[in-house]
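In what follows, a single structure is set out as structure tokens and then discussed.
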Amino acid sequence: QMAAPRPPITSHVLDTTKGGPASGMSVALSFRGEVIAADKTNFDGQSTQLLDVSHKLERGEYSLAFDAKEYFERTGQAVFLSEVSVTFQVENVDEHYHIPLLLSPFGYSMYRGS
């Protein structure tokens, strides 16, 4: 069974303090320093609408900026991190790049997912 087509870059934000998805968080995608797309995480903390499924990636440096301050203020949590920025290289333009973020008010971790 073939998987449904998906955009070339997606993300997922989990709030490790709440133990659940970070829904409604603003995410901006930049390519070579210029913002090319923006989205908000859905009810499940996923950002799947940054780029259209048909978007063709270019090789180079991309960055995802997560608006942690607005999210923490809205959810009544302490604000230490204002923004989390993850910069990564796209070498193979035919691959899917999924960037999960594990976030708490005082720290974060990310990895390249599948």
Side-chain angles (χ1 to χ4, degrees):
Q1 191 183 95
M2 296 244 338
R6 56 188 175 176
I9 296 175
T10 56
S11 186
H12 193 180
V13 185
L14 296 172
D15 182 332
T16 59
T17 300
K18 292 187 339 182
S23 59
M25 181 179 288
S26 295
V27 182
L29 175 66
S30 297
F31 176 61
R32 296 182 181 150
E34 181 181 330
V35 175
I36 60 168
D39 191 18
K40 282 193 181 279
T41 56
N42 64 17
F43 70 96
D44 201 28
Q46 297 181 36
S47 175
T48 59
Q49 303 299 315
L50 284 166
L51 298 172
D52 190 70
V53 218
S54 63
H55 183 90
K56 299 296 181 204
L57 292 178
E58 294 180 56
R59 291 180 75 220
E61 188 172 273
Y62 288 79
S63 181
L64 284 170
F66 300 88
D67 188 349
K69 181 179 180 185
E70 187 281 329
Y71 171 77
F72 288 135
E73 286 176 342
R74 182 168 40 83
T75 57
Q77 298 183 62
V79 176
F80 175 69
L81 296 169
S82 294
E83 180 180 277
V84 173
S85 181
V86 177
T87 303
F88 57 98
Q89 296 293 320
V90 167
E91 293 298 326
N92 184 339
V93 298
D94 296 320
E95 288 184 4
H96 173 74
Y97 292 82
H98 183 62
I99 314 293
L101 177 69
L102 306 175
L103 181 66
S104 76
F106 301 102
Y108 65 93
S109 179
M110 58 76 50
Y111 58 97
R112 180 171 178 191
S114 56

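What you see is a predicted model, and the numbers here were worked out from it, not measured in a lab. Keep in mind that the numbers below use all heavy atoms, side chains included, and drop hydrogens, waters and symmetry copies.
Nearest heavy-atom pair, Ile9 versus Leu57, reported as atom, atom and distance to 0.1 Å: CD1-CD2, 3.8 Å.
For the side chain to side chain donor-acceptor pair (under 3.5 Å) test, no residue two or more places apart in sequence or in another chain qualifies with Asn42. Qualifying side chain to side chain donor-acceptor pair (under 3.5 Å) partners for Gln77, counting only residues two or more places apart in sequence or in other chains: Asp15, Thr75. Under the salt bridge (charged side-chain N to carboxylate O under 4.0 Å, His left out) criterion, Glu70 pairs with Arg74, sequence neighbours left out. The side chain to side chain donor-acceptor pair (under 3.5 Å) check on Thr41 picks up nothing, with sequence neighbours excluded. The side chain to side chain donor-acceptor pair (under 3.5 Å) test applied to Ser54 returns Asp52, not counting sequence neighbours.
There is a path of hydrophobic side-chain contacts, each under 4.5 Å, that joins Phe88 to Leu103. Residue Val79 is grouped with residue Val13 when hydrophobic side chains (ILVMFWY) are merged at heavy-atom distances under 4.5 angstrom, including chains of intermediate members. Leu102 and Val84 sit in two unconnected hydrophobic clusters of ILVMFWY residues. Membership requires side-chain heavy atoms under 4.5 Å apart, directly or through other members. Residues Leu64 and Leu14 do not share a hydrophobic cluster, defined by chaining ILVMFWY side chains whose heavy atoms lie under 4.5 Å apart.
Applying the salt bridge (Lys or Arg N to Asp or Glu O under 4.0 Å) definition to pairs two or more places apart or across chains, none involves residues 16-29. Screening residues 15-70 for ring-ring contact (aromatic ring centres under 6.0 Å, His included), with sequence neighbours left out, gives Phe31-Tyr62. The ring-ring contact (aromatic ring centres under 6.0 Å, His included) contacts involving residues 5-25 comprise nothing, where partners must be two or more places apart or lie in separate chains. Screening residues 25-38 for side-chain hydrogen bond (donor to acceptor under 3.5 Å, both in side chains), with sequence neighbours left out, gives Ser26-Lys40. Legend: side-chain hydrogen bond (donor to acceptor under 3.5 Å, both in side chains) pairs involving residues 80-90, not counting sequence neighbours, sorted by first then second residue: Glu61-Gln89, Ser63-Ser85, Ser63-Thr87.
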Expected list for residues 105-113: side-chain donor-acceptor pairs under 3.5 angstrom, two or more places apart:
unit_1, atom_1, unit_2, atom_2, d
Arg112, NH1, Glu95, OE1, 3.3
Arg112, NH2, Glu95, OE1, 3.0
Arg112, NH2, His96, O, 2.8

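To the nearest 0.5 Å, atom OG1 of residue Thr48 and atom CG of residue Asp39 are 6.5 Å apart. One distance of note links CG of Leu51 with CD1 of Ile36; it measures 5.5 Å at 0.5 Å rounding. Annotation: the span from Ser11 atom OG to Leu29 atom CG amounts to 10.0 Å, rounded to 0.5 Å.
Atom CZ of Phe80 is surrounded by 12 or fewer heavy atoms from other residues, nucleotides or ligands within 6.0 Å.
A donor-acceptor contact shorter than 3.5 Å links the side chain of Arg59 to the backbone of Glu91.
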